Amino acid sequence: MNTLPEDFFQAPLDFKKFEIFKTEEEETFLTFMGVTYPLRGSEFVKLLNHLHYSLNEFFPSKGIVHEIIDNLDMHATLYAPVKPVYYRFAKLENVVYIDLGNTKFEVVEITGDNYRVITNPPVKFVRSKIQRAIGAPDIKGLAKDLRLLMKYIPFKAEEDFILFASWLLSCMNTEGGYPPLFLIGEQGSAKSTTTEFIKDLLDDSTVPLRNLSKSMKNLMIAASNDFILCYDNISKITDKQSDNICKLATGAGFTTRTLYTTTEETQLTCKRPTIINTISFIPTRQDLLDRSVIVKLNFIKPEERKTVKELKESWKKDRTLIFGALCNAVSAALKNYDQVDEEKLPRMADFAKWIIAAEEQLPWNKGLFLETLQNSRANTVDDTIDAEPVAIAILKLMADSDSWHGTASELLDKLEDCINQKKNKYPNWPKLPNQLSRKLGRVSAFLREKGVQVEKGHSGNRFIDISNLNPEVPENNQNPAGMDVNEKRMQDVRETLPVTPQLPETINSYEKEAKNNESHTLVETELVSDETDF
């Protein structure tokens, strides 16, 4: 229903004339002229006031507006069909939809064959106050155009570009989880600028950068209004914040008491991609690390820096091609997803399967993504162990032993001997056996990847068993003397796959191509506070 009857505000409502529905959580919505509004939201109140003024040339009383909303809400709760609602991205019957957020209510429809811009999609999108429109993709975008990102983002290595482009693609897959992205680089490595480019590319809003909330309530409120949540200049993440980010990555629910009621609850459920900019912080908790993608950025030399105006003018020309290349990759993922061998998938299986399915439309050789992901995880495990003194002490303990058996109290004494005087340098060193036991639970998975198995007894068995797995290294895979382990891993990858062009050559070639691309408007972003409440 695209128009309202002239007697809408006076006559009893004919509910058949309105497209109203509810979600499984019994939130009620109405779709009017292609836009879906929460019936209890402030935007629907504004719509009613606007419509009344256009019909009568004066605004309605609050009583009339609330009576209409109450009637529509009650009918929707009792009789309306149940439909899901989406924010920015949706997937229905192997088709991906992207809400461009413009006044024409255009949506990108991506199938396993192609993509196009349509109106009136079969899915229900809701928009928040902070959402801004994003430009449509260029149908000429090809896989190689993803390397245009290198003109704006100073990746430390080719592997960082592969992980970054893969993470962008994962944002367009609503099934499975969204791995948090950690952008790590020193001051002057364009971390905040990179984040703003991501927002402009896939989910522009008036709040491009946020402060990391301490409470789950504020985090869920932010996630209800924004699709990609970006947290800037983070130097520390508490255990509680780490847990909240993990919940948001795989889908979280939150309930709180509804205002002006005694027992009723308001429910919030969200699953969102997150970006965390940091100079040096790497997640050390196993659950967050297992879900994260780590991308490192280089410092930009003063002579290579450009003004914001120069960057934005160039970005306008390249953004639509990059977006088009991503849409092509999504199309390939939809086509090939069911053919991916699930037995060979690593951790973050949904993320890995989606990227592997899209590799025929990505600017690197098939198989290189999986090698890069595995190498990145190995590096991150090493960094995490280096930051955890308990793990370092256990590796020292097992360096010349095949096994160890004893209580947590005995193990704590042994580990203190291994760490020797250095334990005074670690303020988080466990002082009691139960603290050590909790530490072991967090580092056991990392130690297992280093060849050390830690097992704690159950059902009254208070003993701890540590065993040295000592995996045998194949003769043809031994590390040459003096070669760094990570360097050896990437050498093995390059020996089996063609070498990707070096970054500087790629950047220069695309700077020349960018001059021929069409210009599009880049929406400027502004920083506002995300503090809000019910």
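Since this is a predicted model, take the numbers as computed values, not measurements.
Annotation: ring-ring contact (aromatic ring centres under 6.0 Å, His included) contacts involving residues 340-361, sequence neighbours excluded, comprise F351-F369. The list of salt bridge (charged side-chain N to carboxylate O under 4.0 Å, His left out) pairs with a residue in residues 174-189, not counting sequence neighbours, reads K91-E175. Listed by first then second residue, pairs satisfying ring-ring contact (aromatic ring centres under 6.0 Å, His included) with a partner in residues 171-195 read Y178-F227, not counting sequence neighbours.
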side-chain contact (heavy atoms from CB on, under 4.5 Å) between K214 and T238, worked out:
CA-CA 8 Å; K214 295 182 179 179; T238 65; over 6 Å; no
Going through the checks in order, is the side-chain contact (heavy atoms from CB on, under 4.5 Å) test met by T28 and I20?
CA-CA 7 Å; T28 55; I20 56 178; over 6 Å; no
Is there a side-chain contact (heavy atoms from CB on, under 4.5 Å) between I228 and K199 once you walk through the steps?
CA-CA 7 Å; I228 299 177; K199 290 289 288 182; 4.2 Å; yes
Between E310 and R305, is a salt bridge (Lys or Arg N to Asp or Glu O under 4.0 Å) present by the stated rule, with each step listed?
CA-CA 10 Å; E310 289 176 311; R305 291 191 175 276; over 6 Å; no
Could you please spell out the steps behind the side-chain contact (heavy atoms from CB on, under 4.5 Å) verdict for V330 and Y115?
CA-CA 9 Å; V330 171; Y115 63 93; over 6 Å; no
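Side-chain atoms of I198 and W167, non-hydrogen and from C-beta on, do get closer than 4.5 Å to each other. Counting only heavy atoms from C-beta outward, the side chains of T372 and W364 never approach each other to under 4.5 Å. By the 4.5 Å heavy-atom criterion applied to side chains, L326 and L201 are counted as neighbours. Annotation: side chain of Y86 is not in contact with side chain of Y97 (no heavy-atom distance under 4.5 Å). Side-chain contact check for R442 versus D239: some heavy-atom pair is nearer than 4.5 Å. With a 4.5 Å cut-off on side-chain heavy atoms, L149 and L168 count as touching. Put simply, the side chain of L202 does not reach to within 4.5 Å of the side chain of I134, judged on heavy atoms. Looking only at side-chain heavy atoms (C-beta outward), S224 and C270 come within less than 4.5 Å of each other.
Note on R377 versus D290: salt bridge recorded, some NZ/NE/NH1/NH2 to OD/OE distance being below 4.0 Å. Look at D226 and R88 and you find no salt bridge, because none of the NZ, NE, NH1 or NH2 atoms lies under 4.0 Å from a carboxylate O. For D203 and R272, the salt-bridge test fails: no basic side-chain N is under 4.0 Å from an acidic carboxylate O.
Of the inter-residue distances, the one linking Q131 atom CD with N225 atom CG reads 10.0 Å to the nearest 0.5 angstrom. If you take CG on D99 and OG1 on T36, they are separated by 9.5 Å, rounding to the nearest 0.5 Å. Annotation: the span from F323 atom CZ to N328 atom CG amounts to 11.5 Å, rounded to 0.5 Å. Between R291 atom CZ and L248 atom CG the span is 11.5 Å, to the nearest 0.5 Å. Residue L212 holds its CG atom at 8.5 Å from CG of N244, rounded to the nearest 0.5 Å.
Considering all non-hydrogen atoms of both residues, K22 and A76 come closest at CD-O, 3.3 Å. Here the shortest heavy-atom pairing between V85 and F21 reads CG1-CE1, 3.5 Å. Nearest heavy-atom pair across I110 and C327 is CG2-O, 3.7 Å. A190 approaches T194 most closely through the heavy-atom pair O-OG1, 2.6 Å. Of all the heavy atoms in I294 and D160, the pair that sits closest is O-OD1, 4.2 Å. The heavy-atom pair separating P363 from L146 by the smallest distance is CD-CD1, 3.8 Å.
With sequence neighbours left out, the salt bridge (charged side-chain N to carboxylate O under 4.0 Å, His left out) criterion links E43 to K46. Applying the salt bridge (charged side-chain N to carboxylate O under 4.0 Å, His left out) criterion to K124, with sequence neighbours excluded, gives E19. E106 is linked by a salt bridge (charged side-chain N to carboxylate O under 4.0 Å, His left out) to nothing, counting only residues two or more places apart in sequence or in another chain. In this view, K301 and E303, E304 satisfy the side-chain contact (heavy atoms from CB on, under 4.5 Å) rule, not counting sequence neighbours. K353 meets the salt bridge (charged side-chain N to carboxylate O under 4.0 Å, His left out) test with E342; sequence neighbours excluded. Residues satisfying the side-chain contact (heavy atoms from CB on, under 4.5 Å) test with V45, not counting sequence neighbours, are N49, V65, I69. With sequence neighbours excluded, the residues that form a side-chain contact (heavy atoms from CB on, under 4.5 Å) with A349 are L345. Residues forming a side-chain contact (heavy atoms from CB on, under 4.5 Å) with I279 (at least two apart in sequence, or on another chain): Q187, K191. A search for ring pair (Phe, Tyr, Trp, His ring centres under 6.0 Å) contacts involving F164 returns F155, not counting sequence neighbours.
Of the listed residues (D138, D200, D145), just one forms a salt bridge (Lys or Arg N to Asp or Glu O under 4.0 Å) with R319, and that residue is D200.
Judged by distance alone, with hydrogens and angles left aside, the side-chain atoms of T278 form a donor-acceptor pair with the main-chain N or O of I234 at under 3.5 Å. Judged by distance alone, the side chain of K140 and the main-chain N or O of L321 form no donor-acceptor pair under 3.5 Å. One N or O on the side chain of S331 and one on the backbone of T111 form a donor-acceptor pair closer than 3.5 Å. Without hydrogens or angle criteria, E359 side chain to G367 main chain gives a donor-acceptor distance under 3.5 Å. A side-chain donor-acceptor contact under 3.5 Å links K271 to the backbone of G176. Side chain of D73 to main chain of L39: no donor-acceptor pair is present (N/O by atom type, distance under 3.5 Å, no hydrogens or angles). A donor-acceptor contact shorter than 3.5 Å is absent between the side chain of N173 and the backbone of S170.
Atom NZ of K296 has 12 or fewer heavy atoms from other residues, nucleotides or ligands within 6.0 Å. In the displayed structure, Q339 atom CD is contacted under 6.0 Å by more than 12 heavy atoms of other residues, nucleotides or ligands. Heavy atoms from other residues, nucleotides or ligands lying under 6.0 Å from CD1 of I139 number 12 at most.
One side chain, S314 or Y152, offers a donor N or O that lies under 3.5 Å from an acceptor on the other. Between Y231 and T274, the side chains place no donor N or O within less than 3.5 Å of an acceptor N or O (distance only, hydrogens not considered). For D232 and T195, the side-chain atoms include no donor-acceptor pair closer than 3.5 Å. With hydrogens and angles left out, the side-chain atoms of N336 and E360 include a donor and acceptor closer than 3.5 Å.
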